[in-house]
Structure formats: structure tokens, C-alpha cells
Amino acid sequence: MPAVRLHDTLTGSVREIEPIAGPQGPVTFYSCGPTVYDDAHIGNFRSFLNADLLRRTIELTGVPVRHVMNITDVGHMTDDAQADGGGEDKMAVAGRRLAEAKKSGQLPAGADIDPSDPLAIANFYADRFLQDARLLGLKVADEVQSDPSIMPRPTRWIPQMIDMVRRLIDRGHAYVAGDGVVYFDVRSFPDYGRLSGNTLDQLREGQGGRVSAANQANKRHPADFMLWKPDPAHLMKWDSPWGPGYPGWHLECSAMAAGLLGEQIDLHSGGEDNIFPHHECEIAQSRCCHGGPAFARHWFHTRHLMVEGQKMSKSKGNFFTARDLFAKGVTPAALRLELVRTHYRVNANFTLQGLADGQRMIDRWARHAESLASAIEGLRSTGAAAAAARHAAAASGPLERAVEDFGAALRDDLNVARAIATLNEALAKDHADACPARELAALRRMDTVLGVLDRNAPVASKASEDLEARVTELLSRRAAARAARDWAASDRVRDELQALGVQVKDGPSGTTWTRVVR
RNA sequence: GGCCGUGUACCCAAGUGGCCCAAGGGAACGGAUUGCAAAUCCGUGAUUCGUGGGUUCAAAUCCCACCACGGCCUCCA
């Protein structure tokens, strides 16, 4: 099967993925994962899910992927902007927030953690992230259960980071400044700026409004970034040749990618905001430490997610977490599709309407899967050997024929919209003569990438159970009214259900209901 | 100031020189169905691609200018 063609941020070109290990793979793929000071929001998940979509697309071509995603549990500083570390430790901020939540009884049941223990805070949010990620079908979050190394935590990689700092100093790419901080010397790496376009002569000191001249005094160049900060007062600290302190925040990915995947890797992903400075700095560190022509062969960056046409940011407070939406009755399938259906190199606009649009599409796919399954079951139970033989000999059905185009669309730089259109077109075609087993297999194969058929149900919770009980009670009242042909009473109950956000459907085989997302 | 991305129907969105009087989904509308609905199924739906020029036999697709929106330039996915 042809290889996946993918855009690469570094060269700006679309190229085939050619695994370092050879055409049979595996493809080595490192994704910048979440920080665990708080719950991940849907913008984070757009980036993680696009990485997941990429790895599933590669796997669809028959090439295995070794996908690593870190979980950043080191408490970095709120004012990392100052590059030499400043402000407050984010883990401490999270701890204070948790302590307050604990006091007011807002902590979820069973979450009895010590808000002064940074690792406990990190683990608390990491567990919640993994729950969300599994619901959304992030494959790496499933794999981590049998292979913990696949989602590494930087707090367990400090020796490797220290080793990298030492090597960078030895090779003349880093120095200890007057304030005792170890900095990377950007002028020692001529390619600095190639990824982001922020070359040293173009970089404007403090253009982001966050770097003050005073904090630059100790550095040889304003763009020099911190590798190790000695700070005995820091919440999390480790011994090092430069005194007890903590590592710079770019270092963890360089160390873990090299340790788990190799000094050179095939793919590296992150959100677009990671391009600079994070990935620019990673490239500098990794290449200067390990040598070699490249760090990652392909850089894969997902653009930001807007919400209802507005920029989403923590400060604006217009962001949703995955859990917020699950609590509203949004299915993981709908959220997954909504976050992945817009091409990764375009800003996506997240809307409740879009979520509903996608849900209808998924429901149609799911109905087809069910009807195919029951057709198979029907043939089996009637022992229709003749029909089975006819099906086996039948020409390919519409879904089976769509698989190739579906895959081709995805292989073309992840053209999800075209892939979905291919599927929808096939579904609208007549498949009366097609073999249901082969058709279902084809649909399932396409779903190995989309990943929606098996997560198309609302997430159960205490609230959803309460709602269900209430709805069941109202529905039986309505059924009684309908049996008595008391339409007025029946409609009153339906209005009541509507007020609860429940849509009633009377079908030939009884009444069903769904939650309306508002 | 530098780097980058986007502008296609009411909404989301594909299309990157002829197969485009432009895919797919949703909404809307019409029909079937229904106690009435919802859901479902069938059908309708842009002679036009931010604006203005240009190149070409041929442009949504290439070039120029302009307008608008978004991202990054050391917190951020």
C-alpha cells in the first residue's frame, strides 16, 4: 500500500513518510502530551486526537507505529516567559486550587489527595486525563496500560536530562551563567529558527511582551534558553552538578524521545503553539547533543481550535474540557469526530451545532452497522446456505469498494473530510446484493481510523443515572396516557421531558429517547 | 516589525488549471411516515468560490494589489 503523505512544518512540504527503520516500520512517533496542572480542554484534545488519527492512518497502511506521548508532571513556572524561570510554580497554583475545592467539598468523590504534594496533584490530573483520553479513543492511552513506558513522566527522566545538559556543556553548546543557571547557547546552532522562521536576527526581544531586559542580563543572547535552574526553594527539585534545582521545560521531550524512540525519530507532533519556542529548542538541544542531520523527519502541528468563532483561552474562560461536554450528554464519538473532522492545518471552529451535525452522521453509520449485523445474524439463523454462497461470490458492495478511496483520502495529508464523504456516498448506494459480512468488515475497517462506532453512547455518571430513572418514570406515565388515547396528557409529559433535555421518539418497536445537547 | 495560516451556499466543509453551471454533512423547504411530533427514508438546494485587476483557449484553483479574520514571536495544544 502506498505510504502516507504528510505536511512537514520544517520544510513546508508534503512528503511521504519513510520510516527510518525501513518500509516495514515501525514508525517512531513522539507527541507532546498534556501538562497535568488541570484538566485537559478540547483544544488540547484536538491536537492529541489528530496525532491519534495520524497514527491510525499509518496503521491502516499496514505499518506499525510506536507512539509515545509524554505527560508533563514537572511543575514549571507561571512566568517561564522570563526564560530563566520566575513567577510561581504551576503545580503550586494547582495545589492551592485543589485545597480550596477540598475545603468547599467540590472535589469529586474518592479524590482524597494532599494538595501540598506536587506529585500527588500531577497523578490526580494524569489519571483524569487518561480517563478522558480512553473515552475519546486515544490509542496510546489504552496501550499505556500494558506498557507504562509509552506515556513517560519527566520526573522519572531527570538523570537523562542532566546527562544531556552535561553533554551540551562539554560540546560547547551550553554555559553556566553568572546567576548559576545553565543556558543553551543559541548562537552555537546555526539552524536555530528554521522551524518557526524566528531566526535570531528576526527575533524581537520581548515582542511577546513577556521578556524584560532585566532578566536577560545574565544571558549571552536574549534567545538563549534555560536548561537547568538551580533553585533550592523550588517545589520539585533534584540534585545536579549545578546545584539542586529543576530542568528547563524543553529538555524533557528531547531526553525522553531519545531514550524511548532513538536519537532520530520519524514523527514529532504538537499544537501550533509548540512550534516556537518549544520545538525549536528541542531541535537545537537534540541535534547539538546527538549530532546527526535531523531530530524528527516530520513535524506535525495542529492549528488551534476556536470556540463558537472566538479564540479559546484559559483567561477568557470560554473553554470546555472533555468532561464538561460528557456531562452534558455529548457522546465521546461526537466529540472525537468534531475535533478531528476539520483539517489539522486550518483553525477549526468548535460549535455545539457542529457537534450535533456530527452526531447525526455517526448515528447513521451506527445504524448501518447494526442493520448489517442483523442481516448476518438473520442469514445464520435461517441456515441460508444458498444465500451465503451467493454473497461469497457476489461482487464487492459499495462499502467494500469505498475502502480504497477512504484510505487514499487519509493518506493524502489526512484529508478526513474527503474520507468521510467517501463513506457517506457509499452508504447512500444500493447494497441489497452485497455480502453483509464483507460490508460490515469494510465499515469496521474505516472505523479503525475514525474510531467512533464503539463510543457512541453518553458517558454514564450519577447525574445521567438520575436522569434515566426520571425519564423511565415519565415515559411509563406517557405510555399509559397514549394507551388511553389521552393525547393532551401524553403531550404534557412529552413537554416535561423536553424541558429535561430529552427528545422522545415513538417507533414501531416502542418508544426510545435521546439527550439533546444544549 | 518578522514568520505562518485562512476567506467556497444559512452553518460546518472538500476541491490546488479543463472530469466544477463546485463533493459530503447539517439546517431549511417539499413528499412519505406519525394521534400530533421527533427520528427515519426520498427529493429540492451555490451559473458561483472575500474584493478588484491580470495570465491563459480554459481559473475557486496561477500572478499582483487590496480588504477581513486567526495563530506564533519565550505560560499555552
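Since this is a predicted model, take the numbers as computed values, not measurements. Letters A, B, ... mirror the listed sequences (proteins, then strands); counts begin at 1.
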Chemist: For residues 500-507 of chain A, which residues have at least one heavy atom under 4.0 Å from RNA chain B?
Modeler: A:Gln503, A:Val504, A:Lys505, A:Asp506
Chemist: Would you mind listing every ring pair (Phe, Tyr, Trp, His ring centres under 6.0 Å) that reaches into residues 479-518 of chain A, with sequence neighbours excluded?
Modeler: none
Chemist: For the pair A:Phe48 and A:Phe45, name the ring-plane relationship: parallel under 30°, tilted 30 to 60°, perpendicular over 60°.
Modeler: perpendicular
Chemist: Run A:His221 and A:Asp224 through side-chain hydrogen bond (donor to acceptor under 3.5 Å, both in side chains) and show every step you take.
Modeler: CA-CA 5 Å; A:His221 187 280; A:Asp224 287 353; 4.7 Å; no
Chemist: Give one of base, sugar-phosphate or nothing for A:Asn415, where a contact means two heavy atoms less than 4.0 Å apart.
Modeler: sugar-phosphate
Chemist: Below 30° counts as parallel, above 60° as perpendicular, anything between as tilted: where do the rings of A:Tyr192 and A:Phe276 land?
Modeler: perpendicular
Chemist: Considering every strand and a 4.0 Å limit on heavy-atom distances, what is the contact class for A:Arg485: base, sugar-phosphate, or nothing?
Modeler: nothing
Chemist: Please check the phosphate of B:rC3 (OP1 and OP2 only) for any side-chain N or O of A:Ser196 closer than 4.0 Å.
Modeler: no
Chemist: Below the 4.0 Å mark, does B:rA14 have OP1 or OP2 next to a side-chain nitrogen or oxygen of A:Arg341?
Modeler: no
Chemist: A:Val346 or A:His304: which one's nearest nucleotide on RNA chain B is closer to the 5' end?
Modeler: A:Val346
Chemist: Determine the Euclidean distance between corresponding P atoms of B:rG15 and B:rA23; express it in Å to zero decimal places.
Modeler: 14 Å
Chemist: How would you label the contact of A:Leu305 with the nucleic acid (heavy atoms, under 4.0 Å): base, sugar-phosphate, or nothing?
Modeler: base
Chemist: Could you check whether A:Arg515 gets within reach of a base, just the sugar-phosphate, or nothing at all, counting any heavy atom under 4.0 Å?
Modeler: nothing
Chemist: Please list, for nucleotides 26-30 of chain B, all pairs of protein and nucleotide N/O atoms separated by less than 3.5 Å.
Modeler:
unit_1, atom_1, unit_2, atom_2, d
B:rG26, OP1, A:Arg364, NH2, 2.3
B:rG26, O2', A:Gln353, NE2, 3.2
B:rG26, O2', A:Asp357, OD1, 2.3
B:rA27, OP1, A:Arg360, NE, 3.4
B:rA27, OP1, A:Arg360, NH1, 2.6
B:rA27, OP1, A:Arg360, NH2, 3.3

